[in-house]
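First the structure, in the form of structure tokens, and then the observations on it.
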Amino acid sequence: MIEYKDKERLFFIKAKGFSYVFYVNEAGMLQHLYAGKDVGSIDIKALTDFGDDHARHYLKAGQSTESVFEEGIYLNHSLFEIGCGGKSDLRSPTFLIGSNGDYVTDFRYASHSIYKGRPSLGVLPHFRDPKGEAETLEIILKEERKNIQIRLSYTVFAGESLIVRNTEIINTGKEKAMVRKASSLCLDFPSNRYEFLHFPGDWAYERQCVKEELKPGLKVIESKSGRSSHDHSPFFFLGNKLEEDHGEVFGFSFLWSGNFKAEIGVYKQHDTRVDLGMGEMDYSLDGGESLVLPEAVVFYSSEGLASLTHTIHDAVRKHVISIPDLSLKESIVLNSWEGCYMDFDTEKILSYLPKAKAAGCELFVLDDGWFKGRNDDGTSLGDWTVDEKKIDLNKVIGVCHELGMKFGLWFEPEMVSPLSDLYTKHHEYAIGDERRLRTLTRHQLALDMANPEVEEEVFEQMDKVLSSYDIDYVKWDHNRALDEQYSPYLARRGKLGNFAYESVLGYYRLISRLEKQHPGILFQGCASGGGRYDLGTLYYFPEIWASDELDPVVRAFILYGTSFLFPLVTFGAHVGKNPITPFDTKAALALFGTYGYELDPTKLKEEDIVTLKKHAEIFHKYHKEVVSDGDFYRLSSPYTENALGIECLSKDKKKALVFYMTLLKENRGYRFLKIKGLEENKLYYNDFEKTVHSGSYYQNIGINLSGFRDEFQSNFIILEEVKDA
Ligand code: GLA
């Protein structure tokens, strides 16, 4: 619910259990007052009292010209909705817009409206409003000197603890304006005591958890690689004390897949500013044009990280992802990559299919290597035609269908190999300045997605393959960072600085066109594993290949970190060929994700097939209700407890799946695993002890796992509510 109090010019945004309040101060600036646990009322005077007599006296005297407004607002210690860069607010500015060295902006309130629904953002990912529950406050702010307007909006959804923020920058003048910085989010807190949880990583080591205490100064996390990256996730948390089951915690992210920069500053006035945006840019905004920024979101809980995780997972499932066909999404996949890489022919692939079927597979995905001349990673990206000498695709698809399996194909649409017909014809389609040495990664260049001709070319090629063959699933990869953010197309138009934004928009346009054209296909996202696992990509790809790392121990850390950010229904997890860990452990762990296989099925032993089949049955019995749609709990952290302990609980609290894996072998001693979230007074049977206990027993005493402490040993436990003991 959003209220406006006319007398005080106060905006009171009420999300579930979360109040967010600001007002239009005497100078017409949006001054932030409060974000936190719901409160009934706000006292502007008390909240803006800085408690410094000297400053007050100084202000009242009105002697300063540079740091004081006529109305007496000292910018550097006030909290704002828009950080006023270039004036005496010396914290991270929200906008730097202008020309010729003058990037100071001073936005003042012009008007506002409150309406049902939410603004439309076209292909830019945004929170969908499937049930029409959104309510929006939209404010117009003007920078008179520069003919720039901001349309700033806040959207809430009934019954949810989050606020979505949108910004559009409009050049109302005739002259071009340069946008050097435009952040999607600015949130000021009148406190400097925060812990910060963020998720750095690497290829095959994505989304690790790092918790640190914020100290005075600026903490920056960012990606400059043209994609959200393996290096850091554009998603982070702030709380006074970050704990699973207690305390106030804020989550921040935006629906964006490109460069990002988050600056969290702790300043001398004992305040903290969170600033999240696309980082430095040099965007040229012509007269009459507007720039819509990526949509930001603030999630809130007053009850710790577990409850925040539930809020985030529910929101991502409801507002971000869209699943075209549920039975397809719930199909067990065998992906060919780890089984044979590009070394295959029709016969080899055909030999996979019956074995895959025997292990419970329902969808076969042919990974890299199926298109013209592609036998290693040195050639052919950009030439999306089937290599008929290598693979008879119709035959493979036919056999899949005979076996009752669906079929999927790998693409890497935004890339080109220098050794390809596309590059031979169109050098100018690749990014980078041809006059300089450009970097090759994996022997490939990135396509200039800011160029509409490139988008058209790739669309046509992919559309042709998807229309000519019976394809249910596409794995969409992206195997290099955009090191040279240079678009030959934009350079010719004098708009090179627009690349970081326009290339991501090109990516969104391409996938959105293909999804419209082929509405039945399920698109899986991938970027050398999880290099583009963000809310923007999830808007189009309801699942992401979470990591190229299949080792269950490393995966345990990746899963643990990712669980803070994204629901498991999006988490691509397959059983791999790693010989050290038992199949039981690998399969049980993969159940806490999309579940599937990534191996050569002809090499599976009979007992492995039995194990996979058993887990396939569990998948079909429980996965949708318990894992895909349920609540996730972290029971034991691999970072601090030498074991991963996780649980998924169905929303009706009747069924739970629990997984516990020891990492290094431990000496003997007690070990009880406490299960969370069950109904205290209800009875549950667990198939591990084969006995019945009450919810409060599981929660307070737990299951005794003292006898299980070998390296990589795992326990997989199913709990189900029973009526009588
Ligand atoms: C990337 C992906 C892998 C696989 C290969 C194919 O590394 O993450 O899963 O698809 O590309 O080249």
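Read the numbers this way: they start at 1 and go in the same order the structure lists the ligands and their atoms.
- Those atoms of ligand 1 that come under 4.0 Å of a heavy atom in C526, given as number and element, are 2 (C), 8 (O).
- Of all the listed residues (F411, W337, W476, W545), W337 holds the heavy atom that lies closest to atom 5 (C) of ligand 1.
- In this model, a donor atom of one side chain and an acceptor atom of the other lie less than 3.5 Å apart for W545 and D548.
- At a 4.0 Å heavy-atom cut-off, ligand 1 touches R442 through the side chain alone.
- The cationic group of R207 does not satisfy the cation-pi geometry with F235, failing either the under 6.0 Å distance to the six-membered ring centre or the 45° limit from the ring axis.
- Atom SG in C526 sits 12.0 Å away from atom OH in Y533 (nearest 0.5 Å).
- Closest to atom 4 (C) of ligand 1, if we only count protein heavy atoms, is D367 OD1, 3.5 Å.
- Between F564 and F199, the two ring planes are tilted [angle within 30° to 60°].
- If you check the side chains of S223 and D231, you find no donor sitting under 3.5 Å from an acceptor.
- Screening residues 612-628 for side chain to side chain donor-acceptor pair (under 3.5 Å) gives E330-S628, E362-H620, Y622-E720, H623-S628, K624-D629, E625-K655 as the qualifying pairs, with residues at least two apart or on separate chains.
- D548 OD1, 2.6 Å is the protein heavy atom nearest to atom 8 (O) of ligand 1.
- The protein heavy-atom contact nearest to atom 11 (O) of ligand 1 is D477 OD2, 2.9 Å.
- Taking a 4.0 Å cut-off on heavy atoms, E338 fails to register as neighbouring ligand 1.
- Within ligand 1, counting atoms from 1 as listed, the ones closer than 4.0 Å to a heavy atom of N479 are 1 (C), 7 (O), 11 (O).
- Between the side chain of R555 and the main chain of S547, a donor-acceptor pair closer than 3.5 Å is present.
- Annotation: G529 places an N or O atom under 3.5 Å from an N or O atom of ligand 1; distance criterion only.
- For atom 9 (O) of ligand 1, the nearest non-hydrogen atom of the protein is K475 NZ, 2.7 Å.
- Distances between N or O atoms of E598 and those of ligand 1 include no value under 3.5 Å.
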Checklist entry - Could you go step by step and tell me if Y205 and E549 meet the side-chain contact (heavy atoms from CB on, under 4.5 Å) rule? => result CA-CA 7 Å; Y205 198 64; E549 183 56 72; over 6 Å; no
